[in-house]
2 protein chains.
Amino acid sequence: MFAMSLDTRERLLRETEVLLRTKGYAAFSYADLAERIGIRKASIHHHFRTKEELGAALIDTYLVKFEADLAQILGQEREAIPRLRRYAGFFTASMREGMMPLCGALSAETAALPLAMQQRVRHFFELHLAWLRTVLKEGVKAGELGPDLDVGETASLVLSALEGASLVAWALKDASVITPAFEQVVSRLIDSTSTNNPIRE
Amino acid sequence: MFAMSLDTRERLLRETEVLLRTKGYAAFSYADLAERIGIRKASIHHHFRTKEELGAALIDTYLVKFEADLAQILGQEREAIPRLRRYAGFFTASMREGMMPLCGALSAETAALPLAMQQRVRHFFELHLAWLRTVLKEGVKAGELGPDLDVGETASLVLSALEGASLVAWALKDASVITPAFEQVVSRLIDSTSTNNPIRE
DNA sequence: GACAGCCTACCTACTAGTAGGTTTAGACGT
DNA sequence: ACGTCTAAACCTACTAGTAGGTAGGCTGTC
């Protein structure tokens, strides 16, 4: 049945996401996945011909969803700091759900990844950076952030700090690293302007 | 012969380091390793009974060396900023050598790692953080850094930013992300001191 | 002769992937 | 309403290849 098939495909993608974001690409297997879904290994191949195709498809769907989420933030928030705070929320949400951010989980093993996935991870990070640059640029233009702020480098810093904090939090099994690291970055963005400090959410 | 054995053992550790820091734990194999060294797979077991033991031993040696390096920095530099800059040098050096920092490479796949390695990765990060806190604390005491600086959170930020920047740089195959991210953190540490304080309430 | 170091040959468990058959269900002509 | 056709979805049973690990033998040095 059509609806049933879509369902299974989606469940496959969902479980793949969990496995990729907890164990990584190399350490997850079709057997693993099949058992979680409750179908046989061979049936996965009906939906995704190869592991590489499944991995690539997962990143693609994830990316579409993520792009929409980022666009939504731009629509709902009009100031740079709240936008960044919402952005940081994705990372704290990841940890709360007991997972790494997808591309943070994959990029360490980039060298062992199929080419199709390498490219997508790369594209994903570039998307993050482009969005952050947009937010920062508008923040500067609106006078919310200092005019001397280096947009490109600050975007890198925000992404790096959040991915890195997630990595450290993941290894230490202590999510409380993320928010302070981010708030430190943000508070210094604010310090460099003339406004004062609206801490806490 | 004893010297010969040590040699092989050391070469095993060195190649293991390369493999772990480029492909990760799950994606590297005894076959891989044996070929690089030029011995048979089975012979590795003579030096390290299991893969887990090899991995743990690698982290242990790495950790000893790293602790010495950190101690050396404390001996050679007496100010916080140069100390941090030397610390950041480890991360840029990693990328220059075409590798991830060891624990950054491993921590993403923590959940798929043998327990002995999980604990060591964790311990490694805690060592980093403890060292950073020491440097920052002394920097505050010496008046090089602002007295209001949160030592614990700043230590987390420095580690996170550098690990994260390495991750991003690794995925983008562009090492130039690391230094700017770090310098941004550092420059804001300096800004928050009273030395170059141009008014602002 | 003890033993380190390395070997060949092998094991079991598991990997992604394939071949080919069965079940289910909707579409269609009569 | 009926059998017939098609095709999606899934199955069992299998492949070749690789994973980490073991048993036992050869060799050279102390």
Side-chain angles (χ1 to χ4, degrees), chain A residues 1-20 22-59 106 109 111-118 120, chain B residues 1-20 22-59 105-106 109-118 120:
Chain A
M1 202 225 276
F2 189 58
M4 192 54 186
S5 119
L6 247 188
D7 208 69
T8 301
R9 204 190 133 92
E10 241 160 61
R11 278 163 64 214
L12 281 169
L13 285 172
R14 263 213 347 218
E15 285 302 321
T16 299
E17 184 184 330
V18 173
L19 287 169
L20 284 184
T22 51
K23 304 172 133 204
Y25 183 78
F28 109 92
S29 73
Y30 266 37
D32 238 352
L33 182 56
E35 205 188 355
R36 282 162 180 255
I37 298 288
I39 61 176
R40 301 291 132 175
K41 232 178 36 166
S43 307
I44 303 176
H45 288 279
H46 177 73
H47 300 275
F48 303 95
R49 265 176 303 191
T50 65
K51 193 186 176 186
E52 173 172 358
E53 195 178 299
L54 170 57
L58 187 272
I59 304 189
L106 294 179
E109 52 174 340
L113 246 40
L115 193 66
M117 298 193 65
Q118 282 184 40
R120 280 166 173 84
Chain B
M1 203 227 274
F2 188 58
M4 191 55 186
S5 119
L6 247 189
D7 208 70
T8 301
R9 204 190 134 93
E10 241 159 60
R11 278 163 63 212
L12 281 169
L13 285 171
R14 263 213 347 217
E15 286 302 321
T16 299
E17 184 184 331
V18 173
L19 288 169
L20 283 184
T22 50
K23 305 173 132 201
Y25 183 79
F28 109 93
S29 72
Y30 264 38
D32 241 352
L33 182 56
E35 205 187 353
R36 281 162 181 256
I37 298 289
I39 60 175
R40 303 292 132 174
K41 233 178 34 166
S43 307
I44 303 176
H45 289 279
H46 177 73
H47 300 276
F48 302 96
R49 266 176 303 192
T50 65
K51 193 186 177 187
E52 174 173 357
E53 193 178 301
L54 170 57
L58 187 272
I59 304 187
L106 295 180
E109 52 176 339
T110 281
L113 245 38
L115 194 64
M117 298 195 63
Q118 284 184 40
R120 279 167 175 81

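Note on naming: letters A, B, ... go to the chains in the order of the sequence lines (proteins, then strands), and numbering restarts at 1 for each one.
dA16(C) atom P lies 9 Å from atom CD1 of Ile44(A), rounded to whole Å. Following rounding to the nearest Å, Arg49(A) (CZ) and dG17(C) (P) show an atom-to-atom distance of 11 Å. Spacing between atom CD1 of Ile39(B) and atom P of dC6(C) amounts to 6 Å, rounded to whole angstrom units. As a whole-Å value, the separation of Arg9(B) CZ from dC6(C) P is 12 Å. Between the NZ atom of Lys41(B) and the C1' atom of dT18(D) there is a distance of 8 Å, rounded to whole Å. Going from atom CG of Leu12(B) over to atom P of dA4(C) covers 17 Å, rounded to whole Å.
Taken residue by residue, residues 25-34 of chain B places heavy atoms nearer than 4.0 Å to DNA chain D at Phe28(B), Ser29(B), Tyr30(B), Ala31(B).
Each of dT22(D), dC6(C), dT18(C) was ranked by its minimum atom distance to the side chain of His45(B); first place goes to dT22(D). In this structure, the nucleotide among dC11(D), dC6(C), dG17(C) sitting nearest to the side chain of Lys51(A) is dG17(C).
Every salt bridge (charged side-chain N to carboxylate O under 4.0 Å, His left out) that Arg36(B) has, sequence neighbours left out, goes to Glu15(B). Qualifying salt bridge (charged side-chain N to carboxylate O under 4.0 Å, His left out) partners for Lys23(A), counting only residues two or more places apart in sequence or in other chains: Asp32(A). Partners of Arg14(B) according to the salt bridge (charged side-chain N to carboxylate O under 4.0 Å, His left out) rule, which considers only residues two or more places apart in sequence or in another chain, do not exist here.
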Could you go through nucleotides 19-22 of chain C and list every protein N or O atom that sits under 3.5 Å from one of its N or O atoms, giving the distance for each pair?
none

Extract all donor-acceptor atom pairs below 3.5 Å that involve side chains of residues 48-56 of chain B and protein atoms in other chains or at least two apart in sequence.
unit_1: Arg49(B); atom_1: NE; unit_2: Glu53(B); atom_2: OE1; d: 3.3
unit_1: Thr50(B); atom_1: OG1; unit_2: Glu53(B); atom_2: N; d: 3.0
unit_1: Lys51(B); atom_1: NZ; unit_2: Tyr25(B); atom_2: O; d: 3.0
unit_1: Lys51(B); atom_1: NZ; unit_2: Phe28(B); atom_2: O; d: 2.9

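In this structure, Thr50(B) does not reach the dG20(D) phosphate: none of its side-chain N or O atoms is under 4.0 Å from OP1 or OP2. Phosphate proximity of dC10(D) to His47(A): present, with a side-chain N or O under 4.0 Å from OP1 or OP2. Checking the phosphate oxygens (OP1, OP2) of dT12(D), a side-chain nitrogen or oxygen of Arg40(A) falls inside 4.0 Å.
Closest of all the heavy-atom pairs between Leu113(A) and Gln118(A) is O-NE2, 2.9 Å. Here the shortest heavy-atom pairing between Leu13(A) and Leu58(A) reads O-CD2, 3.4 Å.
Note: Arg120(A) CZ to Leu115(A) CG = 9.5 Å, rounded to the nearest 0.5 Å. Atom CD1 of Ile39(A) sits about 9.5 Å away from atom NE2 of His46(A), to the nearest 0.5 Å.
A 4.5 Å side-chain heavy-atom check between Ile37(B) and Ile44(B) finds every atom pair outside the cut-off.
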